[in-house]
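So the structure is just underneath, and the comments pick up after that.
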Amino acid sequence: MEAEEEADDSLLPDLPNVEAYDEVRMRAAPNPNGPWHLGHARMPAVIGTYKEMYDGSFIVRFDDTDPETKRPDLTAYEAILDDIDYLGFEPDDVIRASDRVETYYDHARDLIEMGGAYTCSCSGEDFSNLKNNGKPCPHRDKDAETTLDEFEAMVAGEYSSGEMVLRVKTDIEHKNPALRDWVAFRMIDTPHPREEAESYRAWPMLDFQSGIDDHLTGVTHIIRGIDLQDSAKRQQFVYDYFGWDYPEVVHWGHVQVDAYDVKMSTSSIKELIDAGELDDWDDPRAPTIKSLRRRGIRGQAIVDAMVGLGTSTSNVDLSMSTIYANNRDLVDDETDRYFLVRDGESFAVEGGPDTAHPPLHPSFEDRGARDIPVGDAVRLESGDVPAEGDRVWLKGFGCVRRESDTLVHTGDDLDVVREGDVDVIHWVPTEGVQVRMRTMDGDVTGVAEPDFGDVSEDELIQFERVGFVRVDDRDDDETVVYFAHK
RNA sequence: GCUCUGUUGGUGUAGUCCGGCCAAUCAUAUCACCCUCUCACGGUGAUGACCAGGGUUCGAAUCCCUGACGGAGCACCA
């Protein structure tokens, strides 16, 4: 009954043919060639949500089968698992393709014995020409015996890169050229960065490795991008040889995120970091999961936005404002308020109380109030400075009138604010906490009120009229905060 | 060129399978007002979409045809 209720308010479309399986089992199959960008959050968000909807399971499988062009980054394995944890999901199992190479070899041998694959030494160009004309290459009719010998030589590393591949025998005249006799294994001279896998030279291609693993790990539902639209059809040939049933497949389009100058791709972010244009993967200007995390955005806010995109096959644009709105909703109640004045201008103050006591949170007065000593002078943001003779209400302090470079307390009642005659602004005493606020548009410096000095690292607060920030690093000279959103 | 595939307001999404309850849902965005000692939160309202043209039908966002525009694959990347 509970399951029914959950399914009712599900945010995602039903998965196909769920009734046919005892348990819905899915997988995320990242390539660990770097930490995740924002778009990567979609997979755990969606399969994690489906797992909850159907009481199913999902595994993380690192598809690290290209030690050269998509060379794995040894730190990325943990970084990715860490990102998934931050998003609020826990995989039921974690495996690495580079640990399973022998399994792929075994299946290749079986396939060869069934006559489903042949070794081929054509150059890529030659084969492509033949294939595009629906013509078989001379190696296609090789007997299984010879193929097996040559495959064992591949496994033994007796060929160099480009000299020999193993192809799956599909249908060389298939109307879709993308499906004709595709490569299952190729030689790579560069050793794998993982010690456990560094001796392998014959590596499976994605379609072979992934196809074998999906079956062996009991995956019932595959969710993947439209770039892999033909994968199921390619792998179906292997499944047919082995007599396996292919899992259900959902394809989704690409996600683009607005608001960033930086292209959302692992390689381009990496280049910018190497070039010193970004500090690291969690630079506020980087469209990465680590960056949003550092800015104080809850994983849940990202997950909700990703789930809201659904799983349609068309390409979609994700607005950062959706993530921000989700996050504001999540954190507004718990974030205390403080003042921060950016690029301030100082004014002497005359009259009025010695200290101001604005509340920590306007909706929760019982949390208490802040103590802001006024002293002889205060700082205002440039844009808030009143014209000569005009009044402005310093929040928590009272109404002042500007007379030259002095703000004179007028003693006006709060009614002047209620009637709309006077604007309420924030301010800080001249003695405050130096703040460096890191934003997507660069760093901003300013001064925060003294009580802000008590906020501990990693806490999320709101600078009134500025926005929500996460306190990142405190030291005696300066406090670094990361700007999340307004 | 061959093969897949898509097109609902600024953005995302529901509805499309089984045509009428859709003068199209919800969220976000923008604007206005209310609340408020924040330009936050909350409340109210407004703005704004069925790619185009034919056809079938009493009736089409939904079915059929044609066209336009878009995305993807045709790698010894994943």
Quiz prompt | Below 4.0 Å: OP1/OP2 of B:rG71 and any side-chain N or O of A:Thr313 | solution = no

Practice problem: May I have the distance from A:Asn129 (atom CG) to B:rG1 (atom C1'), rounded to whole angstrom? | Solution: 14 Å

Quiz item: Which part of the nucleic acid, if any, lies within contact of A:Phe468, taking any heavy atom under 4.0 Å across all strands shown: a base, the sugar-phosphate backbone alone, or nothing?
Solution: sugar-phosphate

Quiz item: Mind checking whether A:Phe208 and A:Tyr104 have ring centres under 6.0 Å apart?
Solution: no

Quiz item: When the distance from CH2 of A:Trp36 to P of B:rA78 is rounded to whole Å, what number comes out?
Solution: 18 Å

Practice problem: Quick one: pull up CZ in A:Arg418 and CH2 in A:Trp393 and give me the separation to the nearest 0.5 Å. | Solution: 8.5 Å

Quiz item: CE of A:Met306 versus P of B:rU13: gap in Å, rounded?
Solution: 13 Å

Quiz prompt | Interatomic distance at C1', B:rG71 relative to B:rA27, whole Å | solution = 26 Å

Quiz prompt | A:Ser363 side-chain proximity, nearest of B:rA40, B:rG12, B:rA78 | solution = B:rA40

Practice problem: May I have the distance from A:Lys233 (atom NZ) to B:rC2 (atom C1'), rounded to whole angstrom? | Solution: 13 Å

Quiz item: Under 4.0 Å between a side-chain N or O of A:Arg328 and OP1 or OP2 of B:rC41?
Solution: yes

Quiz item: What does B:rC31 pair with, Watson-Crick or G-U, if both distances are under 3.5 Å?
Solution: B:rG45

Quiz item: How many Å lie between CE on A:Met154 and C1' on B:rC76, as a whole number?
Solution: 9 Å

Quiz item: Do the side-chain N or O atoms of A:Ser312 get closer than 4.0 angstrom to the phosphate oxygens (OP1, OP2) of B:rU13?
Solution: yes

Quiz item: Is there a donor-acceptor pair under 3.5 Å between the side chain of A:Asn33 and the backbone N or O of A:Lys70?
Solution: no

Quiz item: NA contact type, A:Ser128, heavy-atom cut-off 4.0 Å: base, sugar-phosphate, or nothing?
Solution: sugar-phosphate

Exercise. Have a look at A:Asp63 and say if it touches a base, only the backbone sugar-phosphate, or nothing, with a 4.0 Å heavy-atom cut-off.
Key: sugar-phosphate

Exercise. Quick one: label A:Val183 by what it contacts on the DNA or RNA (base, sugar-phosphate, nothing), any heavy atom closer than 4.0 Å.
Key: sugar-phosphate

Quiz item: Any side-chain donor paired with an acceptor under 3.5 Å for A:Asp66 and A:Thr69?
Solution: yes

Practice problem: Give one of base, sugar-phosphate or nothing for A:Ile425, where a contact means two heavy atoms less than 4.0 Å apart. | Solution: nothing

Quiz prompt | A:Arg42 CZ - B:rU13 C1' separation (whole Å) | solution = 12 Å

Quiz item: Between A:Thr410 and A:Val400, is any pair of side-chain heavy atoms under 4.5 Å apart?
Solution: no

Quiz item: Roughly, in whole Å, what's the span from CG in A:Asp329 to P in B:rA29?
Solution: 11 Å

Quiz item: Under 4.0 angstrom, heavy atoms only, what part of the nucleic acid is A:Arg337 near: base, sugar-phosphate, or nothing?
Solution: base

Exercise. May I have the distance from A:Lys135 (atom NZ) to B:rC74 (atom P), rounded to whole angstrom?
Key: 22 Å

Quiz item: In whole Å, what separates the C1' atom of B:rC4 from that of B:rG43?
Solution: 49 Å

Exercise. Please state whether the phosphate of B:rA75, meaning OP1 or OP2, lies under 4.0 angstrom from any side-chain nitrogen or oxygen of A:Lys131.
Key: yes

